[in-house]
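Small disclaimer: the values here were computed from a predicted structure and weren't measured. Basis for what follows: all heavy atoms, side chains included, without hydrogens, waters or symmetry-related copies. Lettering follows sequence order; numbering is per chain, from 1.
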There are 2 protein chains.
Amino acid sequence: MSSSDETGTLGKAIHLLDLIASAQDALRFSDLLKLTGQPKGSLHRQLRHLVVEGLVDLSPDGAYQPGLRLLKFASRAWARNTARKLAEPHMKQLHDVTGETVHFGVLREAEIVYLDKLESRQAVRMHSQVGNASPVYCTGIGKAAISCLTEDRLADLVQQVRFHRYTASTIADAAALKNALGLIRQRGYAEDLEEHQAGICCVAASIVVPSQNFIGGISVTAPVFRAGPLEREKWVAPVRRAASLIADDMACGLSPVHQDR
Amino acid sequence: MSSSDETGTLGKAIHLLDLIASAQDALRFSDLLKLTGQPKGSLHRQLRHLVVEGLVDLSPDGAYQPGLRLLKFASRAWARNTARKLAEPHMKQLHDVTGETVHFGVLREAEIVYLDKLESRQAVRMHSQVGNASPVYCTGIGKAAISCLTEDRLADLVQQVRFHRYTASTIADAAALKNALGLIRQRGYAEDLEEHQAGICCVAASIVVPSQNFIGGISVTAPVFRAGPLEREKWVAPVRRAASLIADDMACGLSPVHQDR
DNA sequence: AAACACTGTTCCGAATAATGGAACTACCAG
DNA sequence: CTGGTAGTTCCATTATTCGGAACAGTGTTT
């Protein structure tokens, strides 16, 4: 009902793509039959269309997986994104000050999509987080971002959320989330204390630019043994400053740094 | 005619998305009206569907851009890709041996899509090439990959290519390409001598795994002043060895390294 | 070998969504 | 006020999708 609403044929196709992309492992035709509950004929045609268009790849063994054409589209979306370009220098600065991993993400529906990441010393697995979508309720950026929503929008969003306990400290229901948001609003920043991944903490601040319809945030992340109360305390001011500078840059119309050639 | 063929409504929508993603800068409604030649009503509905689905973002100023939802899809496509996972250790090895940038890419339609990249010493702009799609005729991996196609498939593919002179040495027509492929087949590897980007050379070898429908390649890239004939000569054997090892790993059924949990 | 279950593919009348011309709104410039 | 440009909405017509059912291909049990 959510995504196949009011978008006709395209909505149904994209819903199918979403199922394929969100699945833990590769799905076969009959898995999708069960998941969608659609008649064979319809499902078969939809999948064929997706495969011909390159949005879905069909392995010789009958497994459907998200297609490589998506990479090209996404690489353009990323390269063209002005928020990301503007945030970059401030991420760099925050990274220099703290020496820890810095994330920049934006709110999309009920998830945080990571647009960029600066990692300590790791020339190896870089791409990992970029493009990843995480739930709002268990990430610092997510909680910071939604703490700035109006009551109505927040209520709409919370209804979409499916809570899942990733760790013992994960916020597990809407009431607990509402509670946490109160404190976040009061303090002006959010923390994630091993709520998504055991052993990982972060301090995050929201970035909101109404004129650009932008709601997101920036965070400093570190393993728990390098992120005690004292360290986190020290990150608060730099994170909030970076967030504020990015918001300013975005609000003041055109990018002063990279205009589009 | 190419992508909106036999895929009905979805094809038309994706063709539109492709236009938006491929454009140099952001397009407005009337730009798309000219580009597609469609009636206003139809175009407007198609765009609305794309926007509601999150595949396209509409800025407050009326500019259409590829949407952030694509990032999530692509990140899954990338994370799930087994060829990439298998290639990784061999890329690492090749990188250690040569000390230069290593690329791994796959043939999709008439383009090479880069799946991974290991860069010399650059913790900064990582994501850049990954997901990028480049023409076959002016990249080492591209030429190496298509040199292994059958006559028929090659002819089909060459017909899709729109030649564009990126530099003075770019291969500019089908005849020149056919010629170059002869030499590549004979030598067993391909070179790109500033054919795509001035000042950049590479040595590439093809990776072909018929059982997986896989056609791609791996390459070593360097600025021209570090990639003279002697250096390139030294890269040939390691590149070919890496390509061969990756092909072997892919052919032998399941991944010995990362099985899916 | 025959019967069976499982998986995927093809077909075609009925139901539905897309089409596109035209009328409508909003905004700006002269 | 007039004309022009940009974008949105409407609705009868038309083309596409829908989905039940029949039809393969493949391996398994009796």
Side-chain angles (χ1 to χ4, degrees), chain A residues 1-20 23-67 211-213 253, chain B residues 1-20 23-67 211-213 253-254 260:
Chain A
M1 76 175 72
S2 60
S3 76
S4 58
D5 218 25
E6 289 298 305
T7 50
T9 309
L10 179 68
K12 291 166 199 161
I14 299 303
H15 177 67
L16 197 51
L17 174 57
D18 204 8
L19 278 179
I20 293 171
Q24 288 300 331
D25 27 51
L27 299 170
R28 288 189 328 288
F29 183 82
S30 41
D31 299 324
L32 288 165
L33 255 189
K34 282 170 216 150
L35 280 172
T36 61
Q38 277 191 92
K40 284 181 172 184
S42 306
L43 180 62
H44 187 260
R45 177 178 27 76
Q46 290 167 353
L47 284 170
R48 183 166 40 80
H49 286 178
L50 285 169
V51 169
V52 170
E53 286 298 331
L55 302 184
V56 164
D57 283 347
L58 173 55
S59 332
D61 64 336
Y64 289 94
Q65 297 207 293
S211 66
Q212 317 273 332
N213 279 334
Chain B
M1 74 174 75
S2 58
S3 76
S4 58
D5 219 24
E6 290 300 307
T7 49
T9 309
L10 179 67
K12 291 166 200 162
I14 300 304
H15 176 66
L16 198 51
L17 174 56
D18 204 8
L19 277 179
I20 292 171
Q24 288 299 331
D25 27 51
L27 299 170
R28 287 190 329 288
F29 183 82
S30 40
D31 300 324
L32 288 165
L33 208 53
K34 280 171 215 147
L35 280 172
T36 61
Q38 277 192 96
K40 282 182 175 185
S42 306
L43 180 62
H44 187 261
R45 176 179 28 74
Q46 289 168 355
L47 284 170
R48 182 166 40 79
H49 286 177
L50 285 169
V51 169
V52 169
E53 286 299 330
L55 303 183
V56 165
D57 284 346
L58 173 55
S59 333
D61 63 335
Y64 289 95
Q65 296 207 293
S211 67
Q212 316 273 332
N213 278 336
L254 296 170
D260 287 315

*asked:* Within the 4.5 Å heavy-atom criterion, are A:Arg45 and A:Arg48 side-chain neighbours or not?
replied: yes

_Those residues of residues 41-50 of chain B lying under 4.0 Å from DNA chain D by at least one heavy atom_ = B:Gly41, B:His44

*Heavy-atom side-chain proximity of A:Leu10 to B:Leu10 below 4.5 angstrom*: yes

*Would you indicate whether the side-chain heavy atoms of A:Gln38 and A:Gln46 approach each other to under 4.5 Å?*
yes

*A:Ser30: what forms a side chain to side chain contact (heavy atoms under 4.5 Å, CB included) with it, not counting sequence neighbours?*
A:Arg28

*asked:* What is the distance, to the nearest angstrom, from the CD atom on B:Gln38 to the P atom on D:dG7?
replied: 16 Å

_Within-4.5 Å side-chain heavy-atom neighbours: B:Leu58 and B:Leu47_ = no

*Shortest non-hydrogen contact from B:Pro60 to A:Ser211?*
CG-O, 3.5 Å

*Separation of B:Asp61 atom CG from D:dG7 atom C1', in whole Å?*
14 Å

*Report the distance from atom CG of B:Leu27 to atom C1' of D:dA6, rounded to the nearest whole Å.*
15 Å

_Position toward the 5' end of DNA chain C (nearest nucleotide), A:Lys34 or B:Thr9_ = A:Lys34

*asked:* Let me confirm one number: the CG-CG distance from B:Leu27 to B:Leu33, rounded to the nearest 0.5 Å.
replied: 12.0 Å

_Restricting to non-hydrogen atoms, name the atom on B:Leu32 and the atom on B:Tyr64 that form the minimum distance, rounded to 0.1 Å._
CD1-CD1, 4.1 Å

*Using chain B heavy atoms and a threshold of under 4.0 Å, write down where along DNA chain C the contacts begin and end, 5' to 3'.*
C:dA18 to C:dG21

*Figure out the CZ/P separation between B:Phe29 and D:dT8, and round it to whole Å.*
7 Å

